[in-house]
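Data first, discussion second: the structure below is written as structure tokens.
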Amino acid sequence: MPELPEVETVRSGLEKLIVGGEIANIRVPYPKVIMGDAPAFIQGTLASQFTAIDRRGKYLFLRLSNQRTIVSHLRMEGQYSVEPLDAPLHKHTEIVFELADGRALFYNDTRRFGRMTLAETGLEQIAVPTLAKLGPEPITTDLHLEYMIQIFAKSKKPVKSFLLDQTKIAGIGNIYADEVLWQSKIHPETPANELDPSQLAILRDSIISEIALAIKHHGTTVHSFSNVFGEVGQFQNQLEVYGRSGLPCLRCGTPLVKIRVGQRGTTFCPKCQVR
DNA sequence: CTTAAGCCCTGCGGGC
DNA sequence: TGCCCGCAGGGCTTAA
């Protein structure tokens, strides 16, 4: 499931492969992938070139030479692949951007949850209002401790759910939320406003370093995630709690426990992570 | 304003 | 072998 590190991995792959490519034709085997008017999307992208690929939180921005931007969210299992023009569609290929150089950019999505839409570059938040509400990126220069102290104090939500709220911090999903709470020795059901500044400092450091480390390892492959080159990530080998329910805690040996917090599967160590 | 629940989708694994 | 059911989950929508 693509979280920020996986989306960043896709971003850098697309940057290497398709920037400079010109969209000669578009096929849309699954029109629902396009939010809004599909014909307008096609008309607004045809004959333009990809000029850059950016990212904000879990959103991708495919910049076009006509001052428009394709805003793409992979949700659970969306992936891009670059194929020869005559390559057969995958079982779940939803849109094909045929390039003038004889290649094609496929967007494939097993669960069909992902969506894309066309926006005016610089005005993406009009097409996707959520973008205007996204919290800071989990990097040292954007995610300040003072900010965390301020926002955590205002919520009684379980800290696990709080971390998944993209309006508070952008880019964290279920896997990395469990990982950083384990690293910080914080129980996932602890109300956000019960964490003291020293705990928030530890949590902040953990979030920032974990996300950076996962990007360095090209993300986590749990189900189908792969980058544009069809390569899987490496970070799943370094996960310390996610998917390890029943296995011994890597710190204390206590079997890890899986519970549900805010409708989400949550794995933690009942001994290390105390409320 | 907040938080909670339902929904979208498909593949997979468990139970029988 | 095969069918059915429940689970997985990000974010949007609707409800409380």
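Each chain gets a letter, A, B and so on, in the order its sequence line appears, and its residues count up from 1. Scope of the values below: all heavy atoms of this structure, side chains included, with no hydrogens, waters or symmetry mates.
For A/Asp109 and C/dG9, the CG to P distance is 16 Å, given to the nearest whole Å. Residue A/Leu134 contributes atom CG, which lies 11 Å from atom C1' of C/dG11 at whole-angstrom precision. Going from atom CE of A/Met76 over to atom P of C/dG10 covers 5 Å, rounded to whole Å. Between the CZ atom of A/Phe162 and the P atom of B/dT2 there is a distance of 10 Å, given to the nearest Å. Straight-line distance from the CD atom of A/Glu77 to the C1' atom of C/dG10: 12 Å, rounded to whole Å. Rounded to whole Å, atom C1' of B/dT10 lies 17 Å from atom NE2 of A/His90. Rounded to whole angstrom, the span from the CZ atom of A/Arg111 across to the P atom of C/dA8 amounts to 11 Å. In this entry the distance linking CZ of A/Arg115 with C1' of C/dG10 reads 12 Å, nearest Å.
Near DNA chain C, defined here as any heavy-atom distance below 4.0 Å, the residues from residues 260-268 of chain A are A/Arg260, A/Arg264, A/Gly265, listed numerically. Contacts between residues 55-63 of chain A and DNA chain C, counted as heavy-atom distances below 4.0 Å, involve A/Lys58, A/Tyr59.
Ring centroid separation for the pair A/Tyr80 and A/Phe106 does not come in under the 6.0 Å cut-off.
Within the 4.0 angstrom heavy-atom criterion, no nucleotide atom of any strand lies near A/Lys133. Across all strands, A/Ser155 comes closer than 4.0 Å only to sugar-phosphate atoms, never to a base (heavy-atom distances). Among the protein residues, A/Lys91 comes within range of the sugar-phosphate backbone only, with heavy atoms under 4.0 Å from sugar or phosphate atoms but none that close to a base. Here A/Tyr30 lies in heavy-atom contact (under 4.0 Å) with sugar-phosphate atoms only.
The closest side-chain heavy-atom distance from A/Val180 to A/Ile172 is not below 4.5 Å.
Taking the centre and axis of the six-membered ring of A/Trp182, the NZ or CZ atom of A/Arg251 falls inside the cone set by 45° and 6.0 Å.
A/Ser206 and A/Gln183 are linked by a side-chain donor-acceptor pair at a separation below 3.5 angstrom, with hydrogens and angles left out of the test. Judged purely by distance below 3.5 Å, without hydrogens or angles, the side chains of A/Tyr176 and A/Asp178 never pair a donor atom with an acceptor atom. Side-chain contact check for A/Thr69 and A/Arg63: at least one donor-acceptor pair (N or O, by modelled atom type) lies under 3.5 Å.
Grouped by direct or indirect side-chain proximity (heavy atoms under 4.5 Å, Ile/Leu/Val/Met/Phe/Trp/Tyr only), A/Leu85 sits alone.
For A/Glu120, the salt bridge (Lys or Arg N to Asp or Glu O under 4.0 Å) partners at least two apart in sequence or on another chain are A/Arg68.
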N/O donor to acceptor pairs below 3.5 angstrom from side-chain atoms of residues 257-268 of chain A, sequence neighbours left out:
{"residue": "A/Arg260", "atom": "NH2", "partner": "A/Gln263", "partner atom": "O", "Å": "2.6"}
{"residue": "A/Thr266", "atom": "OG1", "partner": "A/Lys160", "partner atom": "NZ", "Å": "2.8"}
{"residue": "A/Thr266", "atom": "OG1", "partner": "A/Arg264", "partner atom": "O", "Å": "3.0"}

Taking distance alone, no hydrogens or angles, what donor-acceptor pairs closer than 3.5 Å link side-chain atoms of residues 134-141 of chain A to residues at least two apart or in another chain?
{"residue": "A/Glu137", "atom": "OE1", "partner": "A/Arg55", "partner atom": "NH1", "Å": "2.9"}
{"residue": "A/Glu137", "atom": "OE1", "partner": "A/Arg55", "partner atom": "NH2", "Å": "3.1"}
{"residue": "A/Glu137", "atom": "OE2", "partner": "A/Arg56", "partner atom": "NH1", "Å": "2.9"}
{"residue": "A/Glu137", "atom": "OE2", "partner": "A/Gly57", "partner atom": "N", "Å": "2.6"}

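For B/dG11, the OP1/OP2 oxygens have a side-chain nitrogen or oxygen of A/His92 closer than 4.0 Å. For A/Tyr242, no side-chain nitrogen or oxygen approaches OP1 or OP2 of C/dA8 to under 4.0 Å. For A/Arg75, no side-chain nitrogen or oxygen approaches OP1 or OP2 of C/dG11 to under 4.0 Å.
Both A/Phe113 and A/Thr130 lie close to DNA chain C; mapped to their nearest nucleotides by heavy-atom distance, the more 5′-ward contact belongs to A/Phe113.
Closest approach to the A/Thr110 side chain among C/dG10, B/dT10, C/dA8 is made by B/dT10 (side chain taken as heavy atoms from C-beta onward).
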